[in-house]
Amino acid sequence: MMTRCLVSVLLLLITPLISYATTALKTEQVNTALSEPNADAQITTQLFALEKQYGGRIGMSFINTHNNSVLSYRANERFPFASTFKVMAVAAILKKSESDNGLLNKRVVYTEQQVNNSGYAPITSKHIQTGMTINALCAAALKYSDNTAVNLLIEQLGGPNKITAFARSINDKHFNLTRLEPKLNLVYPGESQDTTTPAAMTSSLKKLILGNALAKTQRQKLKNWLIDNTTGDTKIRASVPNSWIVGDKTGSGRFGATNDIAIIWPQNSEPLILSIYYVQKEIDAKHNNQLIQEITTNVLNIMRPIP
């Protein structure tokens, strides 16, 4: 009887310490051994303080693939994904290209009206007369966050529900794309349309870039486009040493939604995966890239890469 009591007490003491780590990726077997004692308590304290300082709600999910240690904060809560969804859209196209050899070389023509309706088209606006190949549209969507490009890719696949279906095929149960750009960037509190969870996105990013969700050639394309992203210099990348390689996709929307998801390759260590989502209470709230930098710094200070 005494032994049973001691075991019960120990379980009660241990459970709170591992709860954040085990909820982030319930569908995978994860080694929750952390590289820093009390890591979950530290990050919870720090990110709670940042929420108090800046207002709004933070979601964060992190994996160190060296030992599959995880760190999370509100990782299973829904957040508007804004343009971070473009990773999933391009991945769905790449998946289709595995069985359609000519898909990426297919040229898509579009109108000036489509460009204007998308709200942001730094690359597609230059090629209205000639159109663009699907390969080029993928690059424009990820490297420059071109809205027309991703809308055309979604059209090629048959609509937003096809992107969500692809997410389900890699066991992402939370990704939920329902609209095109730019309408998807307005998500009211409590809505599930055009949202995801930080844990789901981190897990999916791991499968897409480091796993076998895509064939090797397609996986390499996705990786290179993320590394060549031009929109992330003031977010996660700003808090990562210059000698490390970063591939990321940013996003921003109404209610001050400010997001960044990244694969990080430290020198002499295995990749790190980090997803950060932030949303505020006022519909016209300003975006906060500085907060993304601070969260990244806090995470990396706690979860130091293990060579």
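- Between the side chains of Gln293 and Asn289, not a single donor N or O lies within less than 3.5 Å of an accepting N or O.
- Between Tyr278 and Ile295 there is no side-chain heavy-atom pair separated by less than 4.5 Å.
- Considering CG of Leu152 and OG1 of Thr124, their distance stands at 7.0 Å, rounded to 0.5 Å.
- Cluster membership check: Val115 does not share its hydrophobic cluster with Val109, using side-chain heavy-atom separations under 4.5 Å among Ile, Leu, Val, Met, Phe, Trp and Tyr.
- Here the CD1 atom belonging to Ile170 is positioned 13.0 Å from the NZ atom belonging to Lys206, to the nearest 0.5 angstrom.
- In terms of modelled atom types and a separation under 3.5 Å, the side chain of Gln220 and the main chain of Thr217 share no donor-acceptor contact.
- A donor atom on one side chain and an acceptor atom on the other are found under 3.5 Å apart for Lys86 and Asn147.
- For the residue pair Ser239 / Thr296, no side-chain donor-acceptor distance below 3.5 Å is found, with atom types taken as modelled.
- Residue Thr195 holds its OG1 atom at 10.0 Å from NE2 of His174, rounded to the nearest 0.5 Å.
- Phe166 contributes atom CZ, which lies 9.5 Å from atom CG of Leu157 (distance to the nearest 0.5 angstrom).
- Put simply, CZ on Phe62 and CD1 on Ile43 are 9.5 Å apart, with the number rounded to the nearest 0.5 Å.
- In the hydrophobic clustering of this structure, Val187 does not group with Phe79; members are Ile, Leu, Val, Met, Phe, Trp, Tyr whose side-chain heavy atoms approach within less than 4.5 Å, directly or through other members.
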Which atom pairs, donor and acceptor, lie under 3.5 Å between side-chain atoms of residues 129-143 and protein residues at least two apart or in another chain?
residue: Thr133; atom: OG1; partner: Ala136; partner atom: N; Å: 3.1
residue: Asn135; atom: OD1; partner: Lys221; partner atom: NZ; Å: 2.9

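- When all heavy atoms are compared, the tightest approach of Thr196 to Ala200 is OG1-CB, 4.0 Å.
- Thr45 contributes a side-chain N or O that, together with a main-chain N or O of Ala41, makes up a donor-acceptor pair within less than 3.5 Å.
- Proximity of Ile154 to Leu177: side-chain heavy atoms (C-beta onward) are separated by under 4.5 Å at one or more points.
- Between the side chain of Gln280 and the backbone N or O of Lys286 there is at least one donor-acceptor pair closer than 3.5 Å.
- Shown here for Ala121 and Ser118, the closest heavy-atom pair between the two residues is CB-OG, 3.9 Å.
- Counted by atom type alone, Glu294 and Asn298 present zero donor-acceptor pairs between their side chains at under 3.5 Å.
- The shortest distance between side-chain heavy atoms of Glu51 and Leu47 does not fall below 4.5 Å.
- Side-chain contact check for Gln156 and Lys106: at least one donor-acceptor pair (N or O, by modelled atom type) lies under 3.5 Å.
- Taking each heavy atom of Met303 and Val70 in turn, the nearest pair found is CE-O, 3.9 Å.
- Close placement of the Phe81 and Phe175 rings is indicated, their centers lying within 6.0 Å of each other.
- Counting only heavy atoms from C-beta outward, the side chains of Arg237 and Val240 never approach each other to under 4.5 Å.
- For the residue pair Thr231 / Ser145, no side-chain donor-acceptor distance below 3.5 Å is found, with atom types taken as modelled.
- Here the closest heavy-atom approach between residue Ala238 and residue Asp233 is recorded as CB-O, 3.3 Å.
- Under the 4.0 Å criterion applied to side-chain N and carboxylate O atoms, Lys235 and Asp248 are not assigned as salt-bridge partners.
- Closest approach of Asn76 and Ala199 over heavy atoms only: OD1-CB, 3.7 Å.
- Within a 6.0 Å radius of CD in Glu112, no more than 12 heavy atoms belonging to other residues, nucleotides or ligands are found.
- Taking the side chain as every heavy atom from C-beta outward, Lys207 and Asn171 approach each other to under 4.5 Å.
- Side-chain contact, Asn288 with Thr258: no donor N or O sits under 3.5 Å from an acceptor N or O.
- The closest side-chain heavy-atom distance from Lys162 to Lys96 is not below 4.5 Å.
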Please determine whether side chain to side chain contact (heavy atoms under 4.5 Å, CB included) holds for the pair Gln218 and Leu222, giving the CA-CA distance in whole Å, both sets of side-chain angles, and the decisive distance to 0.1 Å. CA-CA 6 Å; Gln218 283 77 6; Leu222 183 61; over 6 Å; no
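- With respect to Asp284 and Arg254, a salt bridge is recorded, a charged nitrogen being found less than 4.0 Å from a carboxylate O.
- A ring-centre distance under 6.0 Å is not found for Tyr144 and Tyr120.
- Considering only heavy atoms from C-beta on, Thr250 stays 4.5 Å or farther from Ile236 through its side chain.
- Among all heavy-atom pairs drawn from Pro271 and Thr65, the shortest one is O-OG1, 2.6 Å.
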Apply side chain to side chain contact (heavy atoms under 4.5 Å, CB included) to Ile58 and Phe48, showing your working. CA-CA 8 Å; Ile58 295 168; Phe48 181 77; over 6 Å; no
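- Using modelled atom types, no side-chain atom of Asn64 and backbone atom of Ser69 make a donor-acceptor pair closer than 3.5 Å.
- If you run side-chain contact (heavy atoms from CB on, under 4.5 Å) between Arg219 and each of Leu214, Leu210, Leu208, Leu94, only Leu214 comes through.
- With hydrogens and angles ignored, the 3.5 Å screen pairs no side-chain donor or acceptor of Ser61 with any backbone N or O of Ala75.
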Apply the test side chain to side chain contact (heavy atoms under 4.5 Å, CB included) to residues Leu300 and Leu272: give CA-CA distance (whole Å), side-chain angles for both, the deciding distance (0.1 Å), then the verdict. CA-CA 10 Å; Leu300 294 181; Leu272 314 173; 3.8 Å; yes
Determine, stepwise, if the pair Glu191 / Gln193 fulfils side-chain hydrogen bond (donor to acceptor under 3.5 Å, both in side chains). CA-CA 6 Å; Glu191 290 184 335; Gln193 63 180 356; 3.2 Å; yes
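- Side-chain contact, Ser204 with Asp172: a donor N or O sits under 3.5 Å from an acceptor N or O.
- Thr178 and Asp194 share a donor-acceptor pair across their side chains, judged by distance under 3.5 Å alone.
- With rounding to the nearest 0.5 angstrom, the CG atom of Asn185 is 11.5 Å from the CG atom of Leu180.
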Take Arg57 and Phe255 through the test side chain to side chain contact (heavy atoms under 4.5 Å, CB included) and record every step on the way to the result. CA-CA 11 Å; Arg57 184 168 56 96; Phe255 288 94; over 6 Å; no
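- Looking at heavy atoms from C-beta onward, Thr202 lies out of side-chain contact with Ile261 at the 4.5 angstrom threshold.
- Neither side chain, Glu155 nor Tyr110, offers a donor N or O lying under 3.5 Å from an acceptor on the other.
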